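No hydrogens, no waters, no symmetry mates; every other heavy atom, side chains included, goes into these values. Because the structure is predicted, anything quoted here is derived from the model rather than measured. FYI, the numbering just counts along the sequence from 1.
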Amino acid sequence: ICPEIEIGMHKIYFDNRCIVICEPQDEALADSNAVVFHPGEHLDIGTFARMFEVTKSLSKIYIPSGDTNETYKRFCAEFKEVNAAGGLAVNKRGDFLLIKRNNMWDLPKGHQEAGEDISFTALREVEEETGVENLELGPLICVTDHCYLRDGIWHLKHTWWYEMLYNAPVDLVPQREEDISKAAWVAKSSLPPFLKNTYPSILEVFRIYSRDSSSRDGNEQNNSCESQ
């Protein structure tokens, strides 16, 4: 089911490339190098896949739309949709919990089980993949979309990402059966080299988390000044 999040832009990732559904006046469209696609009534996934396959240097395809949410729903309808959830866990020192899976740094996540609330999925998957327990669930950061071809069928995975807080020391136990070779707490100052070896969707999670955290910190400082 398409996430019911009303936003002006939707990004759907194909491996390390993405399709961007945006408003016609989006400033990104002013770039002379922007590849803009105007689909007809039918959004053919194969067309986008072939465009990415033929042009290896192509990183983004823009689809301008006067109703981005409606176009996004049409896009979702072309796939078999699956839901997943994960977390950006932070400890009391401000370190981030990362995992190494298939030689790429990632955030812990996994598929939603039948009848399971998506926020519970996020907590369960982070705990299973890292060995960390008693996490405190925070607000939703964002939902990322990633599509892939499996057994001849195009899938679209919606992943709900939540903030999580961890306050106790523990040995990390990576889930080997999920091809996770390492789990580590990484200081904010040490993040750059890790984020050079990760996926664009994970960079998006960090970008939105950083933006929202800065906004909250600014509001708290303003409230503090007003109360003095």
Side-chain angles (χ1 to χ4, degrees), residues 1-86 88 104 106-107 109-112 118 121-122 139-162 195-212 215:
I1 299 173
C2 272
E4 291 296 329
I5 298 178
E6 298 295 317
I7 57 177
M9 176 184 288
H10 296 275
K11 295 180 180 179
I12 301 96
Y13 291 93
F14 277 73
D15 292 326
N16 290 328
R17 280 87 71 81
C18 76
I19 292 170
V20 182
I21 301 172
C22 60
E23 296 176 344
Q25 64 271 26
D26 193 285
E27 59 184 19
L29 298 177
D31 184 352
S32 59
N33 295 318
V35 176
V36 181
F37 187 81
H38 296 276
E41 290 299 315
H42 181 64
L43 286 164
D44 180 17
I45 304 309
T47 299
F48 298 109
R50 286 189 292 273
M51 290 173 70
F52 283 131
E53 181 64 28
V54 170
T55 310
K56 298 297 184 182
S57 60
L58 180 60
S59 61
K60 292 180 182 178
I61 298 174
Y62 292 91
I63 302 177
S65 171
D67 188 340
T68 56
N69 291 305
E70 182 58 33
T71 301
Y72 174 64
K73 289 177 182 177
R74 286 174 53 208
F75 196 88
C76 291
E78 298 297 314
F79 294 87
K80 177 180 179 180
E81 297 178 76
V82 293
N83 291 336
L88 180 55
M104 296 283 284
D106 202 351
L107 292 173
K109 64 181 180 302
H111 287 91
Q112 181 183 33
I118 199 69
T121 301
L140 178 70
I141 301 171
C142 63
V143 181
T144 60
D145 293 321
H146 174 249
C147 55
Y148 54 92
L149 187 64
R150 179 171 294 171
D151 300 326
I153 300 172
W154 280 104
H155 293 68
L156 180 60
K157 181 165 70 175
H158 308 294
T159 304
W160 277 253
W161 296 101
Y162 287 88
L195 298 184
K196 285 183 180 179
N197 186 32
T198 190
Y199 304 97
S201 56
I202 299 302
L203 293 176
E204 183 77 355
V205 175
F206 272 98
R207 184 188 69 79
I208 295 173
Y209 169 81
S210 178
R211 180 198 67 191
D212 293 349
S215 177

J.: Within the structure provided, determine whether Phe14 and Ile45 are in side-chain contact (heavy-atom separation under 4.5 Å).
T.: yes
J.: Using side-chain heavy atoms (C-beta onward) and a distance below 4.5 Å, is Thr144 in contact with Lys11?
T.: no
J.: To check you understand the geometry: which heavy-atom pair defines the closest contact between Leu29 and Pro64, and what is its length?
T.: CD1-CB, 3.9 Å
J.: Just wondering, are more than 12 heavy atoms of other shown residues or ligands nearer than 6.0 Å to CD in Glu53?
T.: no
J.: I'd like to know if Arg207 and Glu204 make a salt bridge, using a cut-off of under 4.0 Å between side-chain N and carboxylate O.
T.: yes
J.: Distance check, rounded to the nearest 0.5 Å: Thr121 atom OG1 versus Gln112 atom CD?
T.: 4.5 Å
J.: Tell me if a side-chain donor or acceptor on Arg17 pairs with a main-chain N or O of Ile61 at a distance below 3.5 Å.
T.: no
J.: Taking all non-hydrogen atoms of both residues into account, name the closest pair between Trp161 and Lys109 and its distance.
T.: CH2-CD, 3.5 Å
J.: So, taking the atom named CG in Leu140 and the one named CG in Asp212, what distance separates them when rounded to the nearest 0.5 Å?
T.: 9.5 Å
J.: To the nearest 0.5 Å, what is the distance between CD1 on Ile12 and OG on Ser201?
T.: 12.5 Å
J.: So do Asp44 and Arg50 actually touch side chain to side chain, heavy atoms under 4.5 Å?
T.: yes
J.: Quick one: does Phe37's side chain get under 4.5 Å of Thr47's, heavy atoms only?
T.: yes
J.: Determine whether His146 and Tyr199 make a side-chain contact, defined as any pair of heavy atoms from C-beta on separated by less than 4.5 Å.
T.: no
J.: Are Tyr62 and Asp26 linked by a side-chain donor-acceptor pair shorter than 3.5 Å?
T.: no
J.: If you measure from CD1 on Ile202 to CG on Asp106, what distance do you get to the nearest 0.5 Å?
T.: 4.5 Å
J.: Do Thr198 and Leu107 make a side-chain contact, defined as non-hydrogen atoms from C-beta onward lying under 4.5 Å apart?
T.: no
J.: Of all the heavy-atom pairs spanning Cys142 and Val205, show the shortest one and how long it is.
T.: SG-CG2, 4.0 Å
J.: Taking the side chain as everything from C-beta on, heavy atoms only, tell me whether Met51 gets closer than 4.5 Å to Val35.
T.: yes
J.: Where the side chain of Asp151 meets the backbone of Ile153, is there a donor-acceptor pair that is under 3.5 Å apart?
T.: no
J.: Quick check for you: to the nearest 0.5 Å, what is the distance between Ile63 atom CD1 and Met9 atom CE?
T.: 12.0 Å
J.: Is the ring pair Phe48/Phe75 parallel, tilted or perpendicular, if the boundaries are 30 and 60 degrees?
T.: tilted
J.: Hey, does Tyr72 have a side-chain heavy atom less than 4.5 Å from the side chain of Thr68?
T.: no
J.: For the residue pair Tyr209 and Leu88, what are the closest heavy atoms and their distance?
T.: CG-CD2, 3.4 Å
J.: Look at the aromatic rings of Phe79 and Trp154 and report parallel, tilted or perpendicular, splitting at 30° and 60°.
T.: perpendicular
J.: If you take all heavy atoms of Pro24 and Ser65, which pair is closest and at what distance?
T.: CD-O, 3.1 Å
J.: Can you name the nearest heavy-atom pair linking Tyr13 to Pro200, along with the distance?
T.: CE2-CB, 3.4 Å
J.: Thr71 side chain to Asp67 main-chain N or O, any donor-acceptor pair under 3.5 Å?
T.: yes
